[in-house]
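Here's a structure for you.
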Number of protein chains: 2
Amino acid sequence: MKLTTQTDYALRTLMFLATQTRRAKVADVASLFGISVNHVAKVVNLLVRGGYIRSTRGIGGGIELAQSPDEIRLGDVIEQMEGDLHLLACVQADDGCVIHSFCKLKGVLAQAERVQREYLDSVTLADVVPTRRQLGQVK
Amino acid sequence: MKLTTQTDYALRTLMFLATQTRRAKVADVASLFGISVNHVAKVVNLLVRGGYIRSTRGIGGGIELAQSPDEIRLGDVIEQMEGDLHLLACVQADDGCVIHSFCKLKGVLAQAERVQREYLDSVTLADVVPTRRQLGQVK
DNA sequence: GGCAAAGATGCATCACAGACGCATCTTTAT
DNA sequence: ATAAAGATGCGTCTGTGATGCATCTTTGCC
């Protein structure tokens, strides 16, 4: 039931970028949270592929949000980072369990996933952005 | 976001026991699902500690449900097997993240956990028990 | 009392995933 | 051309879960 730390970093990175008015550097994110530049870079790259972040290489480059914070749904971001997040494999496909064909559990688990996902999709990045004042006190 | 196979086995074991009219043996469960007796025994032991199953040692012993199927909530069983299932550590305690004090994300994640848990607690074992007819065709 | 059935437990091994770091490649402004 | 900054791939380390083996404990039955 846990999220990976990559997902954690991804969410924090987006929260940070949402407070910035101009491009930031991966190194800024890493130093703010005290984590490795390498890991942030990987996470950022996934977010770029997902279309949440726009990156610019070279001198003066950096990263910035590619969408408005109120368009970025947390459920989508989490799925982007976690991949398929089924509680049990049998929810998505026949996993060879002998009772799979008539087992009602998979429907229940599918619904459990759905209610959580729907809630997470009702929350956007804009709902969790810290104020610049708060972030400023950290540095 | 995944459940362990132990939890999977636990749920299947309960579903099976709910169809039985008398004590079954751990070996019966293991052979029905084609899994190791050792693992089932461990899972069963956890369920006994949780009060879901009653076990009897010795000749003629075995296991049986300790509660009525409609009293066994799936959310409780899953928690029993998985332990604390927080999406991120920061939901439960300060994990040292520099923005922990004012981060709104932890509240959102706590709510995401809650909606799923509430749904799972609204479903009982009685809702997912297969018919004896169905199980009979497996053996 | 002894034996055998059945669950309880602990230990060891194995495999896999996630976390983390290093090294290198690619792009681009100046 | 050079240096900045992101993109990527490789390798190691560690923790957890899965699995199996061995042993202990309880208890009914003869």
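Each chain gets a letter, A, B and so on, in the order the sequences are listed, and its residues count up from 1.
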query = Ignoring hydrogens and angles, does a donor from either the side chain of Arg57(B) or the base of dT25(D) sit under 3.5 Å from an acceptor on the other?
reply =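 Such a pair is found, so the answer is yes.
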key: Contact nearer the 5' end of DNA chain D, comparing Gly60(B) with Lys25(A)   =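 The 5'-side residue here is Lys25(A).
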query = Base, sugar-phosphate, or nothing: which does Arg54(A) touch, judged by heavy atoms less than 4.0 Å apart?
reply =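 Counting heavy atoms under 4.0 Å across all strands, no contact is made by Arg54(A).
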task = Name the closest nucleotide to the Asn38(B) side chain, picking from dA4(C), dG20(D), dG7(C).
result =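 The nucleotide sitting nearest to the side chain is dG20(D).
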ask   = Is the phosphate of dA8(C), meaning OP1 or OP2, less than 4.0 Å from a side-chain N or O of Ser55(B)?
value =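 Affirmative; the distance criterion is met.
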request  = Could you tell me the separation between the CZ atom of Arg23(B) and the C1' atom of dG7(C), rounded to a whole number of Å?
outcome  =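 Taking CZ of Arg23(B) and C1' of dG7(C), I get 12 Å after rounding.
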request  = Can you tell me the distance, in whole Å, between the NZ atom of Lys2(B) and the P atom of dC16(C)?
outcome  =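 Result: 13 Å.
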ask   = Taking 4.0 angstrom as the limit, do Asp28(B) and Lys25(B) come out as a salt bridge?
value =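 The answer is no: the pair does not qualify as a salt bridge.
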request  = Round to the nearest Å and state the distance from Gln6(A) atom CD to dT8(D) atom C1'.
outcome  =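 In whole Å, dT8(D) C1' and Gln6(A) CD are 13 Å from each other.
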key: Phosphate contact (dG21(C) OP1 or OP2) by Ser36(A) side-chain N/O below 4.0 Å   =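 Indeed, a polar side-chain atom of Ser36(A) lies that close.
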query = Atom CG of Leu47(B) to atom P of dT9(C): distance rounded to whole Å?
reply =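 That distance rounds to 13 Å.
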ask   = Do the side-chain N or O atoms of Tyr9(B) get closer than 4.0 angstrom to the phosphate oxygens (OP1, OP2) of dG17(D)?
value =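 So the side-chain polar atoms of Tyr9(B) never come under 4.0 Å of the phosphate oxygens OP1 or OP2 of dG17(D).
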key: Parallel, tilted or perpendicular, as decided by the 30° and 60° cut-offs, for the rings of Phe33(B) and Phe16(B)   =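 It falls in the perpendicular class, over 60°.
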query = Taking the side chain of Thr5(B) as heavy atoms from C-beta outward, which of dA18(D), dA8(C), dA7(D) is closest to it?
reply =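 Nucleotide nearest to Thr5(B)'s side chain: dA18(D).
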message = Can a side-chain donor-acceptor contact be found between Glu71(A) and Thr124(A) if the only test is distance below 3.5 angstrom?
response =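 Judged by distance alone, the side chains do not pair up.
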inquiry  = When you measure from the side-chain N and O atoms of Asn45(B) to the phosphate of dA8(C), is any distance below 4.0 Å, counting only OP1 and OP2?
reply    =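 Yes, Asn45(B) has a side-chain N/O under 4.0 Å of OP1/OP2 on dA8(C).
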key: Side-chain donor or acceptor of Gln116(A) paired with backbone N/O of Val115(B) under 3.5 Å   =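 Answer holds: no.
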request  = Just compare dG7(C), dT8(D), dA4(C) and give me whichever is closest to any side-chain atom of Ile59(B).
outcome  =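 Looking only at heavy atoms from C-beta outward on Ile59(B), the closest nucleotide is dA4(C).
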request  = Between Thr56(A) and His39(A), name the one whose nearest nucleotide on DNA chain C is closer to the 5' end.
outcome  =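 Taking each residue's closest nucleotide, the earlier one in sequence belongs to His39(A).
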Which nucleotide in dG7(C), dG6(D), dA18(D) has an atom nearest any side-chain atom of Ile63(B) =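 The answer is dG7(C), which lies nearest to the side chain.
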request  = Choose from dA6(C), dA5(C), dA8(C) the nucleotide whose nearest atom is closest to any side-chain atom of Val44(B).
outcome  =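 So the side chain of Val44(B) is nearest to dA8(C).
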key: Gap between atoms CG and P, on Leu3(A) and dA17(C) respectively (whole Å)   =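 Going from CG in Leu3(A) over to P in dA17(C) covers 18 Å.
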task = Write down the distance between CG (Leu46(A)) and C1' (dG18(C)), rounded to a whole number of angstrom.
result =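 About 14 Å, once rounded to whole Å.
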query = Is there a donor-acceptor contact under 3.5 Å from the side chain of Gln6(B) to the main chain of Met81(B)?
reply =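 Not confirmed, Gln6(B) side chain does not pair with Met81(B) backbone.
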inquiry  = Ignoring hydrogens and geometry beyond distance, is the side chain of Lys42(A) in donor-acceptor contact with the base of dG6(D) at under 3.5 Å?
reply    =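 No, no donor-acceptor pair under 3.5 Å.
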